[in-house]
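The block underneath contains the structure these notes are about, expressed in structure tokens.
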Amino acid sequence: MSRAAASGSCCLLGAISGDMLYVTNAGDSCTTVSERLSTEHNVASEEVRRELAALHPDNGEVVVHARGTWRVKGIVQVARAIGDVYLKTPEFKHDPAV
């Protein structure tokens, strides 16, 4: 199996234009700024858990409480990510920690 299929990724971008700083992120990046620019897509949020359950009505285990916290398929906490294909594509399904 490709190593890319067993790992996640993230992207963080900062750009300065004049006297403005623009910051964006995708994946599980986290930044500290003086003003919150977005909300985390993390299954710790009940709203995100409900959203995932609604998107996957035939999968009763899409969000489970495992190892002391809510997780997508018992593995990761982020609900949107670049990478993590093993969670999205059945042919790559496995626990990368194993």
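- Applying the ring-ring contact (aromatic ring centres under 6.0 Å, His included) rule to pairs touching residues 57-77 yields His65-Trp70, sequence neighbours excluded.
- For Thr69, the side-chain contact (heavy atoms from CB on, under 4.5 Å) partners at least two apart in sequence or on another chain are Arg71, Gln77.
- Placement of Val64 and Val43 in two distinct hydrophobic clusters is found when ILVMFWY residues are connected by side-chain heavy-atom separations under 4.5 Å, directly or transitively.
- Residues Val72 and Leu55 fall into different hydrophobic clusters, defined by Ile, Leu, Val, Met, Phe, Trp and Tyr side chains chained together at heavy-atom separations under 4.5 Å.
- Here the shortest heavy-atom pairing between Val48 and Asn42 reads CB-O, 3.5 Å.
- From Glu51, atom CD reaches atom NE2 of His56 across 9.0 Å, with rounding to the nearest 0.5 Å.
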